Amino acid sequence: MTLASRRTMLATSVGGLLATAAGAQAGQAVPEPQRPGHGGTDPGPRNLMRERQNPDLLVPPATDHGTLPNLRFSFADAHVRLETGGWTRQVTARELGVSKNIAGVNMRLNAGGVRELHWHKAAEWAFMLYGSARITAIDPQGRSFVDDVGVGDLWYFPAGIPHSIQGLGPDGAEFLLVFDDGEFDEDNTFLISDWFRHTPPEVLAKNFGVPASSFGRTPEPGELYIFPAPLPGPLDQDRAQGAEPVPHGFSHRMMAQTPLRTKSGTVRITDSSVFPVSTTIAAALVEVEPGGMRELHWHPNTDEWQYYIQGQARMGVFGASGQARTFDYRAGDVGYVPFAMGHYVENTGDTTLRFLEMFKSSYYADVSLDQWMALTPPELVRAHLKLDQQVMDALRKRKEPVVPA
Ligand code: MN
Ligand code: MN
């Protein structure tokens, strides 16, 4: 066999493998890293499934240029910690290097499953994705908090405030936790059982005013963390009788807020102006209908950490000095926009796109490119961009976060 014919055979068999992989998604063309005049085919090896999910990395828009850090990490690529009462996984600065001031955790509690009584150095903000849960906490003044939360509800526990979460019936809960520290580690929190295990029984006896023989049955370290327990009784019964409630609740009904609505979507903004305890995290829940787009904008206060709840999108990020890069996202992905960088988020699917914009800030703020140009003397704008009258007339003095407006 000649070298040439061996090469032909190899090419045929590799082609056959590709055809088999492609056959699973019948009718779909194999994407190639090329556009007219640039690039070429990719003979392999290839991870076609991932390349199909990242069309704007494989074939970037011609306007992309230069180097930006990675601005996407999927929870699907994160290690899952399986526990007896549910599971958890995290996307932190360790997974998404650029994310220095926010970390996210995706957690599932089965019906009755308890996230053990604990506290941590970071503040915790949460969005309920599925089911319902009971949350408990106290504040340093000895005031108590117990509430039930359902889909679209939030909670916020300030740094150091002790709390618990328990999945309710019929099928527990799934939620997103957002922490105001990119280095946060869900595997490194202050657990009540951990402290009991590492305190001499005679000290516990003195502290609680009971015999030392009352202690010593605390489970092994790590045995609780997320563990099964009986479903709790009615909420009223769990609210400690006679205990003074915290003055500002640690929970908030985000979906009860009247959204800002445009023709192509909605925006709900929750920051400390409507949810007073949430002093370090501000959020926007954005819905974009098919064909719509979160307009070109940036944030004048801090970085943006995103969580994609539903649908699929692409985000283009502009980083000054000619740098621009486009990333693709779908449900379960985390996105990131470094401080002050311009960006848009376009719905590239055929269902409603829903995502959260999160900020380590007491307040939400954005600057609209369109509104900026509309509120600047027109001759000054025209002198920059050589725009025709049609564009100048279309500029909107009123902010329209989701377009077409
Ligand atoms: Mn916590
Ligand atoms: Mn934004």
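Quick caveat: nothing in here was measured; it's all calculated off a predicted structure. We count ligands from 1, going down the list as the structure has it; atoms in each ligand are counted the same way.
The Mn ion (ligand 1) forms the vertex of an angle spanning NE2 of H118 and NE2 of H120; to the nearest 10 degrees it equals 110°. The Mn ion (ligand 2) is the vertex of the angle joining NE2 of H297 and NE2 of H299, which measures 90° to the nearest 10°.
The aromatic ring centroids of F175 and W155 lie less than 6.0 Å from each other. The distance between the ring centers of F157 and H163 falls below 6.0 angstrom. The six-membered or imidazole ring of H252 lies away from that of Y156, with a centre-to-centre distance of 6.0 Å or more.
Metal site remark for the Mn ion (ligand 2): E304 contributes an N, O or S atom at a distance under 2.8 Å.
The Mn ion (ligand 1) lies closest to atom OE1 when only the N/O/S atoms of E124 are considered.
Ring geometry for F179 versus F184: interplanar angle under 30°, hence parallel rather than tilted (30 to 60°).
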